[in-house]
Each structure stands twice: as structure tokens, then as C-alpha cells.
Amino acid sequence: MLRAAVIGAGRMGRGHIGVYQQLEREGYPVRLAAICDVDEPKLRGEKSYALNLAKTAGVADAAPEYSAYHCYTDAEEMLAREELDVVDIVVPTYLHADITQKALRAGVNVLCEKPMALTPALCQDMIDTAAETGKRLMIGQCLHFWKEYEILAEKVKSGEYGAVNAAYFYRGGAQNIVTNPSWEQWILDRKLGGGGLFDQHIHDIDAIRWCFGTPKAVSATGITVYPKSAYDICTTQYYFDGADKIVTAHDNTCYKGSYGFRYGYTVNFENCTMLFQDAQLTIMPEGEDPILVPKPAESAYYYEIKYFLDGVQSGEPFDRNLPEEAQENVRIALAEMESADNGGKLVTL
């Protein structure tokens, strides 16, 4: 039986806690033993935040109720007192490296939310600490467990529909700390959360690197809407060897009104178009009827956390969400930031 703890009971942390609770109900050999958050009212269930993906099956559907767990406001105290096998870190980005290393040195395996950190050097510190301690480290780049992105990556790599001519990725929503106070100010601070480029856009960076590899260069333009943030609206062009495809990604954290959170892609293969829009993946092979892909039974977060726990139990190496891959995502994001800082200058990687 694995003993687990979640550090961070805010918006996304609440979702992770819900997955552990679901796995326990299903008889999976894990027990959520402790929850930690510096904001004590969250631990008492007095603060609750809606997820932007709340309609995703199984993610934080119920009101928070943590009386059955050991609750802490200090992560170091929790690590010292609890006998844990795994810890799930869902805290502000600027705290990822420090808390991850403390957990690893306490002898605990770590699942850390994305983005891994704000610099490749901090990412390397996390990687080195995992190697030194012999503990497992996985980064929560959840698209690797999002069925519609898994299918896309498989089709790109298999060549079933021929080469990709063009690919467009997008996501956007409202980065509003009034309606989502769990975000607080850190997420809109370039030095603490990296702004929209690091918070939302990092997902599409990950998907593009996963499908096509690290680009040889990027060119990005952006607008910083929130003071102290970093490119809350941005568009990036990715360049690969051979210049045989056009790959772009757009992110906007500034939508207003009832727009909500949306994400997806359109990928033009030689013999097919794949469209992921409004949570529906449609595969349109040339000369054939469109294929509507059924939605998965559970959320990507469910499959991600279960995969992490499976790996810890079995000792088998992870074949996805490797920290080195997440580090590369951060390197690409910083290249995009450098490009946007310089009016779209081509930045090589």
C-alpha cells in the first residue's frame, strides 16, 4: 500500500486530491495520508475553487472535505512526521524546485505539476537530486495522458496519414484572480509564475516537442496585458529541419465574458485532417467518412497519477513525462520569451 500526500490544496491541487480519493474507492493500493497547504482555511474546506476543466470526468466534483487526513501548513513538518512513499506537488511554479528537492531528500518519490520550473538550471537541480537520492521524479505534463493528444502523437510518428504539412495548436481562457482567487498574484508575475506563456502555453510547447521534436528555432510575438506578467497573449512559429511543415501555436489568457476555457488543434496531414475542437476529436481521412473519436472514461489527471503510482510500485522506468523532457519544454519557452522580448526575432535552440 502506497502512502501519499498532496502539497497544495488550491484549484488544481483539489483536482489531484479527488483522483487519489477515487483510486482509493476503486481499491487501488494507495492511501492519501496527508494534505499540506500554507493557507489553513483551504484545509478546513472553507475555500473552494472551480477548475477550468471541472467538467472533465472525476476531477474534483465534490466539495472539499479533508477531516480524514493529517493536515499541515508546513511541507517540511509534514515530510518529517509522515512516512510517505509518494508526494504530489501542486504549488506555485516558483516553489516547485525547492519543495521537490526537499521531498526527494526525505526519501519520497515525487510527481510535480507543470511547468517543471522557470529555468533549465532549476530543472537540472531537480533532476540531479532525484539521481542522487535514487527516488522517482515525474512532471505533470498531462497532455501525454490526454487521449486526443496521445492519438495525434501516434499518427504523426506512425506516418499512417503521411507527413504533416501544417499544425495549429491553441488554448485560451480567463486568467482572472477575482473569479479564481486560488491563482492569487503569483501566476501573473513573470518572475514567479511566468505569465500566460509558462502557465497555459507550456502545454502546447510540450505537445509540439512530443510530436515533432525540439524545433531548430522559434519566432514569437506577444502582448503582456497584466502588469508584471509575461505574454498573456502570444503566437509562436516553430521551425524544424527541412522546412517541410508549418507549425504554430496561439495562447490567450485574457478572454472576457462567458467565453470559458478552450483548447485544441488542427493538423493537416498529406492524406487526412485531424480536428480537436470543443472537446471532440474528429479524424477526417481523405475519401472516407469522418471518424468521431469517443471520449475517454476518465480524466487525463486520473491516468497520469495512476501511471505515476504504477511506476513507483513496479519499479519500471517511466516512458513518458520524463523530467528531461519537461526541462526541454522550459528551454523552448524561454527561447519564445526571448523572441517576443525582441519583436519576434528568430531564436535558435
Side-chain angles (χ1 to χ4, degrees), residues 114-115 141-172 196-198 200-222 231 233-252 262-288 290-291 293 319-322 324-340 342-349:
K114 64 80 200 164
Q141 295 280 181
C142 62
L143 294 193
H144 289 259
F145 299 89
W146 215 283
K147 181 178 180 180
E148 294 83 1
Y149 290 87
E150 289 181 275
I151 292 172
L152 173 63
E154 188 278 322
K155 298 302 182 187
V156 170
K157 293 175 181 181
S158 71
E160 178 180 348
Y161 296 128
V164 170
N165 291 325
Y168 169 67
F169 297 80
Y170 71 92
R171 64 189 54 240
L197 192 150
F198 267 82
Q200 285 191 173
H201 180 63
I202 197 83
H203 282 299
D204 289 323
I205 291 174
D206 180 52
I208 289 166
R209 183 202 50 75
W210 181 21
C211 287
F212 306 112
T214 296
K216 69 176 184 180
V218 296
S219 174
T221 55
Y231 302 116
I233 304 172
C234 58
T235 298
T236 303
Q237 180 89 39
Y238 301 86
Y239 299 88
F240 297 88
D241 289 331
D244 57 348
K245 54 183 169 287
I246 295 175
V247 179
T248 57
H250 177 72
D251 186 77
N252 187 334
R262 302 183 186 189
Y263 55 96
Y265 58 75
T266 305
V267 178
N268 164 215
F269 294 84
E270 287 179 299
N271 304 308
C272 179
T273 300
M274 289 179 61
L275 174 66
F276 183 36
Q277 178 176 282
D278 297 331
Q280 175 61 60
L281 174 58
T282 305
I283 301 176
M284 296 170 273
E286 187 175 22
E288 301 178 24
I291 302 165
V293 177
D319 62 4
R320 62 179 99 177
N321 289 47
L322 304 179
E324 291 82 3
E325 296 174 340
Q327 180 185 43
E328 189 70 349
N329 294 340
V330 170
R331 191 169 76 92
I332 296 168
L334 287 173
E336 293 186 35
M337 188 179 289
E338 180 185 348
S339 176
N342 292 277
K345 180 188 78 171
L346 194 69
V347 175
T348 57
L349 286 145

| Are W146 and Y263 close enough that their ring centres sit under 6.0 Å apart? | yes
| query | Atom OG1 in T236, atom CZ in F169: separation rounded to 0.5 Å? | reply | 12.5 Å
| said: Quick check for you: to the nearest 0.5 Å, what is the distance between R262 atom CZ and N252 atom CG? | reply: 12.0 Å
| said: For A340, give me all partners under side chain to side chain contact (heavy atoms under 4.5 Å, CB included), at least two apart in sequence or on another chain. | reply: A220, Y231
| Do the side chain of H250 and the main chain of C234 share a donor and acceptor less than 3.5 angstrom apart? | yes
| Over 12 non-hydrogen atoms of neighbours within 6.0 angstrom of CD1 in I246 | no
| message | Under a 3.5 Å distance rule, please check whether T273 uses its side chain to pair with a backbone N or O of M284 as donor and acceptor. | response | no
| Can you check whether Q280 reaches D278 side chain to side chain, under 4.5 Å on heavy atoms? | no
| message | Rounded to the nearest 0.5 Å, what separates atom CG in N268 from atom CG in L275? | response | 12.0 Å
| task | Apply side-chain contact (heavy atoms from CB on, under 4.5 Å) to the pair L197 and D251, showing each step before the final yes or no. | result | CA-CA 8 Å; L197 192 150; D251 186 77; over 6 Å; no
| Would you say F198 and L334 make side-chain contact, with heavy atoms under 4.5 Å? | yes
| task | Verify side-chain contact (heavy atoms from CB on, under 4.5 Å) between F212 and K245, making sure each step is shown before the conclusion. | result | CA-CA 10 Å; F212 306 112; K245 54 183 169 287; 3.6 Å; yes
| query | From H201 NE2 over to I233 CD1, what is the distance, rounded to the nearest 0.5 angstrom? | reply | 13.5 Å
| Ionic contact status for K147 with E150, cut-off 4.0 Å | no
| task | Please step through side-chain contact (heavy atoms from CB on, under 4.5 Å) for the pair I205 and Y238, ending with a clear verdict. | result | CA-CA 10 Å; I205 291 174; Y238 301 86; 3.8 Å; yes
| said: Using modelled atom types and a 3.5 Å cut-off, is there a donor and acceptor pairing between side-chain atoms of E160 and backbone atoms of K155? | reply: no
| message | Assess the residue pair K114 and N329 against the criterion (side-chain contact (heavy atoms from CB on, under 4.5 Å)); give the C-alpha distance rounded to whole Å, side-chain angles, the decisive distance to 0.1 Å, and a yes or no. | response | CA-CA 10 Å; K114 64 80 200 164; N329 294 340; over 6 Å; no
| query | Of all heavy-atom pairs between G344 and T221, which one has the smallest distance, and what is that distance? | reply | CA-CG2, 4.2 Å
| field | Nearest atoms (heavy-atom pairs only) where A335 meets L349 | value | CB-CD2, 3.7 Å
| said: Below 30° counts as parallel, above 60° as perpendicular, anything between as tilted: where do the rings of F276 and Y149 land? | reply: perpendicular
| message | Return the OG1 to CE distance between T282 and M274, rounded to the nearest 0.5 Å. | response | 9.5 Å
| For E325, all residues meeting salt bridge (charged side-chain N to carboxylate O under 4.0 Å, His left out), sequence neighbours excluded | none
